[in-house]
Amino acid sequence: MTALAAVHGVLPPHTYAQAQITDQLTRMFQPDKASRALLNRFHASTRVATRHLALPIEEYVGLDGFTAANDAFLTAAVDLGCDAVLGALSAAGLEPADVDVVMSTTTTGIAVPSLDARIATRIGMRADVKRVPLLGLGCVGGAAGVARLHDILLGAPGSAVVLVAVELSSLTLQRQDLSAANMIASGPFGDGAAAVVAVGVDHPLAATGPHVVDTASHLYPGSERAMGWDVGSTGFRMVLGPEVPGLVRAHLADDVRDLLSPHALAIDDISHWICHPGGPKVIDAVQEALGLDHDHLAMTWNSLNRVGNLSSASVLHVFADTLTQRPPRSGDWGVLMAMGPGFCSELVLLRW
């Protein structure tokens, strides 16, 4: 089994109350009275208290055009990604040169060479490190990345691999777009990064951390327009349909049961639910689908409140919070899960 030796989340230093961000966006969007009321209502309903931004808030006014936004993404994403990877490696007791495979996931900027190459070079990974860049997974990327690390380590049981997720959603906002989707997208998403160190069964650190027992991926045909980006001359334009909570209610319980049943487990056997904070309606849908209460997803709700939805990095922040604030006991079972563009889910069964 794959051992998750360490997980480490990082945030940009620029922190703002939700009300400050709403005020700044009102000045940027310059909406009419009806759109301003819509913006305020959406932001007030997110249950987000504070968010971290890649840049000081006043710099967004002059950040005009996709080229400028993506240039800012490249600078900030590499810095945050390096901090996340170095923090995770330090927690695991490893050095950059010990890494055999580095995987990156992002959906809020375009980087060629990819983020993993830029991070590997900067922090001193070996020249023969294998790279796996993942683009386009969105909110599901953190859970999918952990699952893919497990797939790699099944074939390379002596290796150490790293996943780094970096998302800077603040740099994707379309200031000329007063659509409901763009207004909603401007409300919950924060900026941040996280990294996970995983090792195979033959690695010296194989006894540390929780172990990945199984994974499951589910793609729901016909739901491609539920969530994603339309990419055009001004950059990334949010696609966000109202059907997302309904898709969660319709599919998630069966997905989870399919993951658990081969191991003679039921939903009640899971002690730790490490769930992506997709937003209040999505979290409510998860609780309803699985028969969970607020306390089961307390770490998810708390993360949403403190830092917002960090897209692919969010579930890894919830994972780190779980390990420090609600330390699992030996023998506990956990499920790490996220949903995202596709529309799809990714599930990881863990045991301590």
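Count residues from 1 along the sequence.
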- Query: Are F73 and T106 close enough that some pair of their side-chain heavy atoms sits under 4.5 Å apart?
  - Reply: yes
- Would you call D98 and R126 a salt bridge, using N to O less than 4.0 angstrom? no
- Message: What I'd like to find out is whether the side chain of L310 reaches to under 4.5 Å of the side chain of D191, using heavy atoms alone.
- Response: no
- Task: Indicate whether any N or O donor in one side chain lies under 3.5 Å from an N or O acceptor in the other, for R131 and S114.
- Result: yes
- Considering residues, nucleotides and ligands other than Q20, do more than 12 of their heavy atoms fall under 6.0 Å from its CD? yes
- No-hydrogen, no-angle side-chain donor-acceptor test under 3.5 Å, Y16 and D23: no
- Item | Flag for E346-T215: side-chain donor and acceptor within less than 3.5 Å | no
- Query: What's the shortest heavy-atom distance between A313 and G192, and which atoms?
  - Reply: CB-O, 4.1 Å
- Task: Indicate yes or no for a side-chain donor-acceptor contact from T208 to the backbone of L205 under 3.5 Å, with no hydrogens or angles considered.
- Result: yes
- Item | Worked check of salt bridge (Lys or Arg N to Asp or Glu O under 4.0 Å) between K130 and D116 | CA-CA 10 Å; K130 296 178 175 65; D116 44 271; over 6 Å; no
Report, one line per pair, each donor and acceptor closer than 3.5 Å where one atom sits in a side chain of residues 329-336; sequence neighbours left out.
unit_1 : atom_1 : unit_2 : atom_2 : d
D332   : OD2    : H272   : NE2    : 2.9
D332   : OD2    : R329   : N      : 2.9

- Query: In this structure, which one of D100, V102, V161 forms a side-chain contact (heavy atoms from CB on, under 4.5 Å) with V129?
  - Reply: V102
- Please step through side chain to side chain donor-acceptor pair (under 3.5 Å) for the pair H43 and T22, ending with a clear verdict. CA-CA 7 Å; H43 281 216; T22 304; 2.7 Å; yes
- Task: Apply the side-chain contact (heavy atoms from CB on, under 4.5 Å) test between I283 and each candidate in L292, V248, L304; give the one that qualifies.
- Result: L304
- Same apolar cluster (I L V M F W Y, side chains within < 4.5 Å links), V140/L149: yes
- Message: Tell me whether the rings of F343 and Y220 are parallel (<30°), tilted (30 to 60°) or perpendicular (>60°).
- Response: tilted
- Item | W301-Q287 side chain donor-acceptor pair, cut-off 3.5 Å | yes
- Query: Which residue pairs pass the side-chain hydrogen bond (donor to acceptor under 3.5 Å, both in side chains) test when at least one of the two sits in residues 67-91, sequence neighbours left out?
  - Reply: D79-R122
